[in-house]
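Report on one structure; see the data block that follows.
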Amino acid sequence: MGIITDLRWSKRPDEADEPRVEKDGDLWRIRSLEVARQVLRARHGTTQAGFTAEAIPQGFLKNHPILFSDGPLHDEQRSKVARFFAPKIVATRYQDLMDSAAENVISDAEKLNSFDLDELSLYFTVEVTAEVVGLTNSRVKPMARRLVRFFNQPSFDITRKDLGRTNRQWIQAALNGLWPVVRFWFADVWPAIRARRKSPQEDVISHLISEGYGNMDILVEATTYGTAGMVTTREYICMAAWHLLNNDALRARYLVAGEKERHAILHEIIRLEPVVGHIYRRAQADIEITDGDESWTIKKGELIDLYIRHANADPEAVGDEPLNLCPGRELPRGVNETVMSFGDGAHKCPGQHLAISESDALLTRLLARDVTILSEPVMAWDELISGYMLRGFALRIDTGAWRGGENP
């Protein structure tokens, strides 16, 4: 047997690789890509169980947040906001913004003896996300810091009804969440709402106002879009840069490639290193699943844990060397190049093209410079998104050197 290449860095020692389908009490663990797709495509057969969705009080809001809604309501919401994330819209409306924002943050970084890529990518992704959402009436860096504070929460166990938190931890979670929400409302959301009621724009907040959303509903949606657009793309940019800076051949290929090939490389990196490692669903009806010759029935009310890292590296779907980086690898019909990194089915992330495009805008400019790694990033885990965090990724740009390809 030949040597198996394993380039994945986002590994959790507490996660088993087998079996492909596993039942533990009322919890299902799914590591098969085929079965994971069956679950996510069980139309209206499951509901959102991740991101502490089941702990959110019902009836508090007039409009249920898009991240947590399901069924016809979710379908209607998605169809109306899809236009803000369509590839054509990203290219025509946001590409110049992404390019100029990327150039600005890289130019600023060149003036420093060192900089943390995780901090630089935070400000960059928040600036782009703010434009799409409509949070453009406040300064980017303070808003980014406010958004980051949402993730300062006590740990939890999503498989338990009480999330495994003590009363004290629930109080701490409420306190940690309330103050950032209040500050985000007064500093960022309310100024944006007030401006768009006077002069609507082509952005999400203007759309929500036109749909009759109240202030509290808009605050929740702005928080959802703002944090989602910031946290996942921020981590992915760091992960992609980490791979490209440590792989001379892949970096050289990326720098001379056209956009299509660069995006293929980025798709393959996020297939290997999905930011969100688990998707949780609650069965609302019996669901029949099959994997090869085996079949099971997930009963109504049972919790389903989809192991995205494992599904993305399922050799029966992605072929040989599932833990290697092979841009343009042959995939089964209907499987996206990112596989499950942006989800699937009704809750598939609408921002895939935006995330890849803004990552490409920043990485092409960063890697075109002569970059030195001063310290490798430290990996930690964020339970809220079941994903990795990369911190302390210190770099230095040595000025005077340029290795650029297309559109530096």
Side-chain angles (χ1 to χ4, degrees), residues 20-22 27-54 56 64-87 158 221 224-225 228-229 232-233 236 267 270-271 274-292 295-314 316-318 331-356 384-387:
R20 293 169 60 81
V21 177
E22 177 183 12
L27 172 67
W28 290 83
R29 299 186 182 96
I30 308 297
R31 302 176 179 92
S32 156
L33 175 61
E34 176 58 29
V35 177
R37 294 178 76 203
Q38 290 171 23
V39 169
L40 291 179
R41 296 185 179 193
R43 198 86 178 134
H44 305 159
T46 66
T47 52
Q48 177 70 272
F51 312 106
T52 69
E54 295 181 318
I56 297 174
H64 209 45
I66 190 169
L67 179 63
F68 306 129
S69 64
D70 285 283
L73 172 62
H74 177 79
D75 296 344
E76 181 182 358
Q77 290 172 313
R78 280 291 298 264
S79 68
K80 290 179 178 178
V81 300
R83 71 179 191 271
F84 298 108
F85 303 97
I158 202 165
E221 293 289 8
T224 300
Y225 282 105
T232 52
T233 309
Y236 172 62
H267 288 152
I270 203 169
R271 177 202 66 82
V275 181
V276 177
H278 293 257
I279 294 176
Y280 296 91
R281 304 292 290 175
R282 180 76 65 183
Q284 298 302 325
D286 290 357
I287 303 172
E288 302 296 328
I289 57 173
T290 60
D291 191 37
S295 62
W296 303 263
T297 300
I298 299 175
K299 296 294 185 180
K300 179 180 179 180
E302 293 180 330
L303 181 65
I304 310 164
D305 179 358
L306 306 178
Y307 280 53
I308 302 306
R309 273 184 293 276
H310 296 73
N312 277 12
D314 183 349
E316 294 190 17
V318 303
L331 295 168
R333 183 178 179 180
V335 176
N336 186 278
E337 288 179 290
T338 66
V339 189
M340 296 280 287
S341 296
F342 292 89
D344 201 301
H347 269 274
K348 182 176 180 179
C349 175
Q352 173 176 332
H353 190 75
L354 177 65
I356 294 298
L384 183 61
I385 66 166
S386 302

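By convention here, the first residue in the shown sequence is residue 1.
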Across all chains, not counting sequence neighbours, the salt bridge (Lys or Arg N to Asp or Glu O under 4.0 Å) partners of Glu288 are none
Check: With a 4.5 Å limit on heavy-atom distance, are the side chains of Ser386 and Tyr280 in contact?
Finding: yes
Next on the checklist: A side-chain contact here means heavy atoms from C-beta on lying under 4.5 Å apart; do Gln38 and Ile30 qualify?
Outcome noted: no
Between Ala36 and Met340 the two heavy atoms that sit nearest each other are CB-CE, 3.7 Å
Salt bridge (Lys or Arg N to Asp or Glu O under 4.0 Å) filter on Glu302, not counting sequence neighbours, yields Lys23
Once the angle between the rings of Trp28 and Trp296 is folded into 0 to 90°, is it parallel (under 30°), tilted (30 to 60°) or perpendicular (over 60°)?
-> perpendicular
Heavy-atom nearest pair, Ala355 first then Thr233, reads CB-OG1, 3.7 Å
message = Between Arg41 and Asp344, does any side-chain N to carboxylate O distance fall below 4.0 Å?
response = yes
Correct closest heavy-atom pair for Ser295 and Thr290 would be CB-CG2, 3.7 Å
message = With a 4.5 Å cut-off on side-chain heavy atoms, are Arg20 and Val35 touching?
response = no
Side chain to side chain contact (heavy atoms under 4.5 Å, CB included) filter on Ala283, not counting sequence neighbours, yields Ile287, Ile298, Ile304
To the nearest 0.5 Å, atom CD of Glu337 lies from atom CG of Leu331 at 7.5 Å
Applying ring-ring contact (aromatic ring centres under 6.0 Å, His included) to Tyr307 and not counting sequence neighbours gives His278, His310
In this structure, CZ of Arg281 is separated from CG of Leu303 (nearest 0.5 Å) by 11.0 Å
In short, Ile279 meets Gly343 closest at the heavy-atom pair CD1-CA, 3.9 Å
*Do Asp286 side-chain atoms and Lys300 backbone N/O form a donor-acceptor pair below 3.5 Å?*
yes
Do Ile270 and Phe342 have side-chain heavy atoms sitting under 4.5 Å apart? yes
Taken in chain and number order and not counting sequence neighbours, the residues that satisfy side chain to side chain contact (heavy atoms under 4.5 Å, CB included) with Thr232 are Val275, Val276
### Pair Arg31 + Glu22: basic N to acidic O under 4.0 Å
yes
When every non-hydrogen atom of Pro332 is compared with those of Ala317, the smallest separation belongs to CD-O, 3.0 Å
Between Thr47 and Gln284 the two heavy atoms that sit nearest each other are OG1-NE2, 2.8 Å
ask   = Does the Asp314 side chain pair with the main chain of Ser32, one donor and one acceptor, at a distance under 3.5 Å?
value = no
Sorted by chain and number, sequence neighbours left out, side-chain hydrogen bond (donor to acceptor under 3.5 Å, both in side chains) with Asn336 holds for Thr338, Gln352
